Amino acid sequence: GNQHHSVGQCDQGRRRFLRAVGDLRVKITVIMPSRGRATQMVTALHSFKNQESKKHEVVYGVACDADDPETIGTCEILKARLPLCHHVLDRTPSLGGRVNMLAEFMPADVYCSVADDTLCMTQDWDEKIADAYALNDSGVWWWHNHYPEPVLYAIVSEKWRAAAGQIFTE
């Protein structure tokens, strides 16, 4: 008999096929609020850039405070080396609010929120995210550090962000 599939099932099958043949390019926005730690921010951004597979479109967004000229100036310099966008804003009550603003300004398939002192040690980290996205394009995933005090960082699909209206509550 005839089988009927929803559009979502067809899209999911297409994503899995494209991923299997290596043609699924996922747009990933890495969002990093930063204040007063320009050197750590540079190290963190380069650690992510250096561990990319280069198979996906990865852009970086830094949220800077208006009264932090060192971070703002460093971002201006970094733009020559990285696909970087920075937003200069008055201080907001929460870092989550900053992440939400950058996600709206820098649309992607997937958003990763990280701290400015995070070092990425996972080679081809973007491939791992693309694999998860190929299986579920409306998912939320987590990555963690390897420090004695574990920290979880959110990885959120655009479909999830759009349905929830934000990544983090204010």
Side-chain angles (χ1 to χ4, degrees), residues 25-130 132-133 139-170:
R25 285 188 47 87
V26 177
K27 185 171 182 182
I28 300 170
T29 296
V30 177
I31 301 171
M32 182 181 295
S34 187
R35 177 178 176 79
R37 301 194 301 190
T39 301
Q40 285 180 302
M41 176 193 70
V42 169
T43 303
L45 288 167
H46 280 294
S47 76
F48 280 90
K49 185 65 178 165
N50 290 335
Q51 298 292 3
E52 282 179 30
S53 70
K54 314 294 188 266
K55 295 179 182 176
H56 304 282
E57 183 182 344
V58 180
V59 295
Y60 298 88
V62 176
C64 308
D65 289 333
D67 62 348
D68 185 3
E70 182 183 13
T71 301
I72 296 166
T74 301
C75 286
E76 287 293 333
I77 293 167
L78 282 175
K79 285 180 172 183
R81 296 183 172 205
L82 296 172
L84 176 73
C85 176
H86 70 287
H87 273 222
V88 179
L89 306 162
D90 291 330
R91 292 190 85 172
T92 56
S94 72
L95 291 178
R98 287 281 177 89
V99 171
N100 292 336
M101 282 188 250
L102 275 171
E104 286 204 26
F105 183 75
M106 302 177 69
D109 299 316
V110 178
Y111 305 94
C112 306
S113 173
V114 296
D116 62 1
D117 61 351
T118 303
L119 294 178
C120 181
M121 305 299 284
T122 303
Q123 185 66 46
D124 300 335
W125 60 268
D126 54 327
E127 280 282 276
K128 290 164 180 45
I129 290 172
Y133 178 77
V140 174
W141 310 273
W142 302 94
W143 54 16
H144 63 91
N145 63 17
H146 292 284
Y147 298 129
E149 299 293 323
V151 176
L152 293 175
Y153 295 104
I155 304 170
V156 178
S157 67
E158 169 55 22
K159 282 189 178 180
W160 192 93
R161 187 206 67 78
Q166 58 193 0
I167 294 174
F168 293 109
T169 57
E170 296 296 324

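Computed from a predicted model, the values in this text were never measured in an experiment.
- Side-chain polar atoms of Ser34 and Asp116 form a donor-acceptor pair below 3.5 angstrom.
- Here salt bridge (Lys or Arg N to Asp or Glu O under 4.0 Å) pairs that include residues 140-157, with residues two or more places apart or in two chains, number zero.
- By the ring-ring contact (aromatic ring centres under 6.0 Å, His included) test, Trp160 pairs with no residue at all, sequence neighbours left out.
- Not counting sequence neighbours, the partners of Ala63 by the side-chain contact (heavy atoms from CB on, under 4.5 Å) test are Pro33, Arg98, Leu102.
- The side-chain heavy atoms of Trp141 and Val156, taken from C-beta on, include no pair separated by under 4.5 Å.
- Of the candidates Phe48, Tyr60, Trp125, Tyr133, Ile28 forms a side chain to side chain contact (heavy atoms under 4.5 Å, CB included) with just one, namely Trp125.
- The side chain to side chain donor-acceptor pair (under 3.5 Å) check on Ser113 picks up nothing, with sequence neighbours excluded.
- Within the 4.5 Å cutoff, side-chain heavy atoms of Met41 are placed close to those of Thr74.
- In this structure, Asn50 places its CG atom where more than 12 heavy-atom neighbours from other residues, nucleotides or ligands lie under 6.0 Å away.
- Contact check for Cys112 versus Ile31: no side-chain heavy atoms found under the 4.5 Å cut-off.
- Qualifying side-chain contact (heavy atoms from CB on, under 4.5 Å) partners for Ala108, counting only residues two or more places apart in sequence or in other chains: Lys27, Thr29, Tyr111.
- In this view, Asp67 and Arg35 satisfy the salt bridge (Lys or Arg N to Asp or Glu O under 4.0 Å) rule, not counting sequence neighbours.
- Ring pair Phe105/His87: centre-to-centre distance below 6.0 Å.
- Residues passing the side-chain contact (heavy atoms from CB on, under 4.5 Å) test with Leu119 are Thr43, Ser47, Met121, sequence neighbours excluded.
- Every side chain to side chain donor-acceptor pair (under 3.5 Å) that Gln40 has, sequence neighbours left out, goes to Arg37.
- Remark: Ser157 engages no residue in a side chain to side chain donor-acceptor pair (under 3.5 Å) (not counting sequence neighbours).
- Residues forming a side-chain contact (heavy atoms from CB on, under 4.5 Å) with Glu76 (at least two apart in sequence, or on another chain): Lys79, His86.
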